[in-house]
Asks: 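Got a structure for you, questions after.
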Amino acid sequence: MSDVVCHVCFRHCKLKEGDIGFCGARACRDGKSVCDNYGRITSIALDPVEKKPLARFMSGKMVLSVGSYGCNMNCPFCQNDSISRADAESVPWRYLAPDELAALAKARQPDGNIGVAFTFNEPMISWEYVRDAGAAVKAKGMANVVVTNGAVSQPVLEEVLPYIDAFNIDLKCFTAEGYKKLGGDFEMVLAFIAAAAKSAHVELTTLVVPGISDTEQQVRELASWVASLDRSIPLHITRFFPRGRYRDRQPTPVQTLYRLAEVAQEKLDTVIVGNV
Ligand code: SF4
């Protein structure tokens, strides 16, 4: 069987039959890049919509939040590395078919549930599951939310867009060099945000990490770019706490967050400071 190049994200992993990609979620089977973690759920919780975070979408409601394992980025401060850098062998999971997930979501409607949020690890590397489960949730008259790093290709985004009502997308910093440090791709993320904002409710999250994303100039440029799309897109500016390989660092000073929020407010209507 021949090798395959996976074009789901910027890494373009070259995979031999049976190989797993960098993300831990996709594999080469029968000469194709397939979603190896399809339906493998490691975490499930009924959470407030505000926790995703979404500040201007169905406020006061709940959303059934599910995640699997794997991620295509490699942020040194990952808050979820017990699943983002895991694989099928290193973390417990249970299989939930798209129809089963939709039925669970429907069963929680009396508790205020609006549908399903694909979150916790990076859901877009498993776009086939987001598409299929998203369609099943829609068929029950409910909504879908995706919480993502936005670092996947446009054809992948287009596959899921018809089913997604709201996104929270990380905009982790505003330089190509910064994204390189995090094992990501700046241009791919900008293109993802611009396209998603044309067809769904979009909110953005910038985790303010000292030395990566905490300068006024960077936040000013970031906010100007977001405003060039739509100044009503909410921006969440959130506080870093020592995690992952940045366990030895200090949390972001609270006054830095509020100063950067003021800078962003010069361009954007809604800026929310989080994790303080
Ligand atoms: S989605 Fe996974 S396998 Fe595909 S290119 Fe990205 S990291 Fe590699």
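For ligands, and for the atoms within them, numbers begin at 1 and follow the listed sequence.
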Asks: I need the atoms of ligand 1 closer than 4.0 Å to a non-hydrogen atom of G21, numbered in the order shown.
Replies: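 Reading through ligand 1 atom by atom, the close ones are 3 (S).
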Asks: Look only at the side chain of N121 and the backbone of G67, and say whether a donor-acceptor pair between them is shorter than 3.5 Å.
Replies: no
Asks: Nearest to atom 8 (Fe) of ligand 1, what protein heavy atom do you find, and at what distance?
Replies: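 Here the closest protein heavy atom is C13 SG, 2.3 Å.
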Asks: Of all the heavy-atom pairs spanning P123 and F118, show the shortest one and how long it is.
Replies: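 Closest approach of P123 to F118: CG-O, 3.3 Å.
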Asks: At a 4.0 Å threshold, what atoms of ligand 1 neighbour a non-hydrogen atom of R26?
Replies: 1 (S), 3 (S), 4 (Fe)
Asks: How many angstroms lie between CZ in R247 and CG in D81, if you round to the nearest 0.5 Å?
Replies: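 Reported value, rounded in 0.5 Å steps: 6.0 Å.
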Asks: Given N275 and T238, is the side chain to side chain donor-acceptor pair (under 3.5 Å) satisfied, shown in steps?
Replies: CA-CA 6 Å; N275 280 358; T238 59; 4.6 Å; no
Asks: In this structure, is the centre-to-centre distance between the rings of F174 and F186 below 6.0 Å?
Replies: yes
Asks: Quick check: does H12 have an N/O/S atom under 2.8 Å of atom 8 (Fe) of ligand 1?
Replies: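 Of the N, O and S atoms in H12, none lies under 2.8 Å from atom 8 (Fe) of ligand 1, which means no.
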Asks: Taking the six-membered ring of Y69 as reference, does the cationic atom of R26 (NZ for Lys, CZ for Arg) lie under 6.0 Å from its centre and within 45° of its axis?
Replies: no
Asks: Among all protein heavy atoms, pick out the one at the shortest distance from atom 6 (Fe) of ligand 1; state its residue, atom name and that distance to 0.1 Å.
Replies: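 I find the closest protein heavy atom is C9 SG, 2.3 Å.
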Asks: Using a strict cut-off of 4.0 Å, indicate which atoms of ligand 1 neighbour a heavy atom of V8.
Replies: 1 (S)
Asks: Atom 4 (Fe) of ligand 1 to C6: any N/O/S contact under 2.8 Å?
Replies: yes
Asks: Look at atom 2 (Fe) of ligand 1 and say which protein heavy atom is nearest, naming residue and atom and giving the distance to 0.1 Å.
Replies: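 Among all protein heavy atoms, the one nearest atom 2 (Fe) of ligand 1 is C23 SG, 2.4 Å.
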